[in-house]
Amino acid sequence: MPEFQTSPGMRDILPPDSGRWRRFVGIFSETVTAAGYGQIIPPLLEDIGVFHRVGEATDVVTKEMYDFVDKGDRHIALRPEQTASVCRAFVQHNPATPWKVWYAGPNFRYERPQRGRFRQFDQVGIEVLGVEDPYVDIEVIALAWNFFAKLGVQQVSLHLNSLGEPSDRERYMQALKDYFSNNLEHLSQASQVTLTKNPLRVLDSKRPEDQQLIDGAPRISDFYSPAAKAHFDTVQEGLRELGIAFVINDKLVRGLDYYRHTTFEFVGGTMDSAQNALGGGGRYDGLVEALGGPATAGVGFAIGLDRTLLACDDEGVFPPVPDEVSVFVVDITGGRQAMLITHELRSAGISADRAYQGRSIKSQMKSADRSGAVLAIIIGSDEVDSNTAIIRPLRSDQEQYAVSRKDLLPTITKALS
RNA sequence: GUGGGCGUAGCUCAGUUGGUUAGAGCGUCAGUUUGUGGUACUGAAGGCCGGGGGUUCGAGACCCCUCGUUCACCCCA
């Protein structure tokens, strides 16, 4: 065993998997930039207060943050998510609204690692600030939907809920608190603790002994104000019109406290593990204000790379594809010719690789095959003497042929086109 | 943070009731006569059996601790 290894919950993404990550983000960025979103690259570190404003009752900020005091005595945290950073950036830079941004990058949470759950994990996401219009909720959901479709994942179900307006949510929380408090003896120990912190989250409990009580709990839908109901109705109608299937899940209370109105989650269909939430989001009007900005509406989502990739694996879609080059130079005269030719090709924008250490022609041909190259260029002493090169097609039955060195680049260029 | 499973070559795994130089497949590398890949055959390299301690004449196999991993709870992406 090596002396040093990645610490728990951290890992190296190696090729060819890393290429898949790159394509994942590439497809995401295409999807959302085509909808008018610009990229934001917030820092990994923020003043810990930024995240505290997100909600004091969520484990994400109370127990799971990587935080430290820096050399300037500032209390700093590695971001556990990026929505708070986006809102902080909004307050700091005061951009014109609607502000539509996307991001991709790692977040950090000190949790016990599990399948689909790491301490450093990547998310892609979008946020729209400054728009209350329910059509934005629909747009945001539709973009995530499109993205899953582009990846080829089929079995994703959209769970939808509304938490109503803040006052609706308050009244509902009180009703839940009363309901559970009156039935404490049927509630698990752990849920009793949760109840004191945030009654909404009791609905999230997966403990079997809680299920019966939860099933009989008051429903949020009975607490909607007319405005909240209208908002939610518009979202549902819009999704139907767009042909986006969803299920109403009135137990869907998301972990971060700033959500109100629309909340949603994308649940993987093939994973029976507990980590089956591929992504989620919702509306968080009020978060910007909590961070010291003007009252500003906000909606967005985040999608986890790892879990989505797991879902892809389960469905056999979006496989990792090794990175390949177009040309492989086989030089059996020592390597200087390969140096010259690969440089010439690469300078002309043609991807090219070679072998090193003067290996046998057979071994170099093997490498050429594995490199994925379409063409091999073979240089032996005969070719050096006659100032030529052999071009050997590797992916067709076409015979190999010789060209003069000065014609090599144009010939290769033509053969590849 | 709490509880259960697992930890043997780069990868996937065998290793009989504890007994002499620890195995396979895949992968890697090299050969199979003269300068040519994808197949086949042959061979080679590569493991203080996660780490530490203990029991024993003797431990990869048993016990304890520790680290890592995995599953569930929790939380969430």
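By convention in this document, chain letters (A, B, ...) are assigned in the order of the sequence lines, proteins followed by strands, and residues within each chain are numbered from 1. This one's a predicted model, so the numbers in the text were calculated from it and none came from an experiment.
- The residue from A:Asn249, A:Thr263, A:Asp250 that alone fulfils the side-chain contact (heavy atoms from CB on, under 4.5 Å) condition with A:His159 is A:Asn249.
- Whole-Å rounding puts the A:Arg115 CZ to B:U69 P distance at 16 Å.
- Counting distance only, with no hydrogens placed and no angle test, the side-chain atoms of A:Arg307 and the base atoms of B:C76 include a donor-acceptor pair under 3.5 Å.
- Atom CD of A:Gln114 and atom P of B:G3 are 16 Å apart (whole Å).
- Whole-Å rounding puts the A:Asp382 CG to B:U36 P distance at 12 Å.
- The phosphate of B:U36 has neither OP1 nor OP2 within less than 4.0 Å of any side-chain N or O from A:Lys362.
- Within 4.0 Å (heavy atoms only), A:Gln189 reaches no atom of the nucleic acid at all.
- Across all strands, A:Ile390 comes closer than 4.0 Å to base atoms (heavy-atom distances).
- Look at B:A45: it lacks any Watson-Crick or wobble partner with both distances under 3.5 angstrom.
- The main-chain N or O of A:Leu187 is never found under 3.5 Å from a side-chain atom of A:Ser191 such that the two would form a donor-acceptor pair.
- Taking the six-membered ring for Trp and thresholds of 30 and 60 degrees, A:Phe266 and A:Trp145 have ring planes inclined between 30 and 60 degrees apart.
- Put simply, the residue from A:Arg22, A:Arg370, A:Arg20 that forms a salt bridge (Lys or Arg N to Asp or Glu O under 4.0 Å) with A:Asp323 is A:Arg22.
- For B:C74, one of the phosphate oxygens OP1 or OP2 lies less than 4.0 angstrom from a side-chain nitrogen or oxygen of A:Ser205.
- Below the 3.5 angstrom threshold, one finds no donor paired with an acceptor across the side chain of A:Gln82 and the base of B:A77.
- With a cut-off of 3.5 Å on both pairing distances, B:U36 has no Watson-Crick or G-U wobble partner at all.
- As the counterpart of B:G7, B:C67 is assigned, both hydrogen-bonding distances of the Watson-Crick or G-U wobble pattern falling under 3.5 Å.
- Using N1 to N3 plus N6-O4 or O6-N4 for Watson-Crick, or N1-O2 and O6-N3 for G-U wobble, each under 3.5 Å, B:A24 pairs with B:U12.
- Between the side chain of A:Gln192 and the backbone N or O of A:Leu184, at least one donor-acceptor pair lies under 3.5 Å.
- In this entry the distance linking CZ of A:Phe266 with P of B:A77 reads 13 Å, nearest Å.
- Residue contacts shown for A:Ile303 are absent, as no nucleic acid heavy atom lies under 4.0 Å away.
- Using bins of under 30°, 30° to 60° and over 60° for the plane-to-plane angle, the ring pair A:Tyr284/A:Tyr259 lands in the perpendicular bin.
- The residue A:Gly281 sits apart from the nucleic acid: no heavy atom pair falls under 4.0 Å.
- For B:U70, the OP1/OP2 oxygens have no side-chain nitrogen or oxygen of A:Arg112 closer than 4.0 Å.
- In this structure, A:Phe118 atom CZ and B:C71 atom C1' are separated by 14 Å, rounded to whole Å.
- For the P atoms, the distance linking B:G3 with B:C74 amounts to 16 Å, nearest Å.
- Residue side chain A:Gln400 reaches the base of B:U36 through a donor-acceptor N/O pair under 3.5 Å, judged by distance alone.
- A straight line from CZ of A:Arg207 to P of B:G3 spans 16 Å, rounded to a whole angstrom.
- Counting non-hydrogen atoms under 4.0 angstrom, A:Arg11 reaches nothing in the nucleic acid.
- Searching all strands for a Watson-Crick or G-U wobble partner of B:A72 with both distances below 3.5 Å returns B:U2.
- To the nearest angstrom, C1' of B:G35 lies 17 Å from NZ of A:Lys366.
- A distance of about 14 Å separates the P atoms of B:U32 and B:G38, rounded to the whole Å.
- The shortest distance between the side-chain N/O atoms of A:Ser363 and the OP1/OP2 oxygens of B:A30 is below 4.0 Å.
- Under the Watson-Crick or G-U wobble criterion, with both distances below 3.5 Å, B:C62 is paired with B:G54.
- With rounding to whole Å, A:Gln357 atom CD is found 15 Å from B:A30 atom C1'.
- Neither OP1 nor OP2 of B:C74 sits under 4.0 Å from any side-chain N or O of A:Arg117.
- At a threshold of 4.0 angstrom between heavy atoms, the contacts of A:Glu64 are confined to the sugar-phosphate backbone, with no base atom among them.
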Kindly determine whether A:Met65 and A:Phe108 satisfy side-chain contact (heavy atoms from CB on, under 4.5 Å), including the steps that lead there.
CA-CA 7 Å; A:Met65 271 202 288; A:Phe108 302 84; over 6 Å; no
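- Nucleotides B:G35 and B:U20 are separated by 50 Å at their C1' atoms, to the nearest Å.
- A donor-acceptor contact under 3.5 angstrom links the side-chain atoms of A:Arg392 to the base of B:U36.
- Across B:A22 and B:U2, the matching C1' atoms stand 38 Å from one another, rounded to whole Å.
- Within 3.5 Å, no donor on the side chain of A:Arg370 pairs with an acceptor on the base of B:G37, nor the reverse.
- Mapping A:Glu265 and A:Ser367 onto RNA chain B by nearest heavy atom places A:Ser367 at the nucleotide closer to the 5' end.
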